[in-house]
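Worksheet: one structure, shown below.
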Amino acid sequence: IKLGKLYEDLALAQLPLVQAPERQIDIAIYLSAYYAGQGNWSSLDAIMQPAIEKSRARHAHRRWGYCQAIWASTFLYRGQFVNGLQAWRTLYEQSLASDSFLFILPAWAAGGMALCNVRLGAWHHAIERAEAGLVHLQGKDDAIGRARCYVASALARLQREEHQLALSA
């Protein structure tokens with residue numbers, strides 16, 4: 001923990017000195033991993049919300065997508081599934097509306113929405129979103145995105161007592 005705290009202190013001290021907005025956003029992304037690991041949600045929000053706003057204002061679509069995906073995933077860990085669903089939906093809609101985003105972001109967002117729906121007990125929506133995520137992943141390598149979708153689909157199908165379909169997922 002001492003090394004992590006030292007890294008945090010150094011990063012926060014350097015952040016105002018960094019002139020390039022893209023590097024400021026990158027520092028926020030790195031710090032968010034540290035804060036998420038600690039469950040320090042207030043510090044994570046304080047660093048990620050400005051990074052999201054800054055990347056959006058600069059039309060840095062890919063960085064915005066990464067920031068939004070990181071932030072959205074933290075709601076699953078926080079147990080705030082409605083907020084997570086909303087954050088993932090924003091990423092999904094924005095990434096489909098522009099070809100400036102990484103191809104993988106709609107799949108990540110669909111999988112994230114599927115997991116939130118599982119936790120909210122919306123089994124049908126979870127399965128729909130998981131299947132949409134898998135469609136976005138066709139012909140692409142992304143083990144994490146694919147696992148997120150399969151897990152959400154299997155969990156939702158188990159809750160619906162569709163055991164064979166759950167095993168197939």
Rounding to 0.5 Å, atoms CH2 (W64) and CD1 (I25) come to a distance of 12.5 Å

Rounding to 0.5 Å, atoms CZ (R157) and CD (E162) come to a distance of 5.0 Å

Hydrophobic clustering (ILVMFWY, side-chain heavy atoms < 4.5 Å, transitive) - are W71 and I144 grouped together? no

Could you tell me if R119 sits above the aromatic ring of F75, with its cationic atom closer than 6.0 Å to the ring centre and no more than 45 degrees from the axis?
no

Notebook entry, point to check: Are W123 and N117 close enough that a side-chain donor and a side-chain acceptor fall under 3.5 Å?
Noted result: no

Is it true that the NZ or CZ of R63 lies under 6.0 Å from the centre of Y66's six-membered ring and within 45 degrees of the ring axis? no

Can a donor-acceptor pair be found, under 3.5 Å and without considering hydrogens, that links the side chain of Q68 to the backbone of A87?
yes

Practice task
Flag the pair D142 and R148 as a salt bridge only when some basic side-chain nitrogen lies within less than 4.0 angstrom of an acidic carboxylate oxygen.
Solution key: no

Short side-chain to backbone donor-acceptor contact, S43 and N40, under 3.5 Å | no

The side-chain hydrogen bond (donor to acceptor under 3.5 Å, both in side chains) partner of K54 among E22, Q49, Q24 is Q24

Problem set entry | Contact check, side chains of W108 and Y92, non-hydrogen atoms, under 4.5 Å | no

Distance col, row S153:OG vs L165:CG, nearest 0.5 angstrom, shows 8.0 Å

Flag, side chain of Q159 to backbone of G121, donor-acceptor distance under 3.5 Å
no

dist E128:CD -> H125:NE2 (nearest 0.5 Å) comes out at 6.5 Å

Q. Do the non-hydrogen side-chain atoms of W88 and S73 ever get within less than 4.5 Å of each other?
A. yes

Practice item. Answer yes or no: is there a side-chain heavy-atom contact under 4.5 Å between E131 and I127? Key: yes

inquiry  = For a 4.5 angstrom cut-off between non-hydrogen side-chain atoms, does L96 reach H136?
reply    = yes

Quick one: do K5 and E8 make a salt bridge, cutoff under 4.0 Å?
yes

Rounded to the nearest 0.5 angstrom, the CG-CD1 distance for L15 and I47 is 5.5 Å

dist S95:OG -> R62:CZ (nearest 0.5 Å) comes out at 12.5 Å

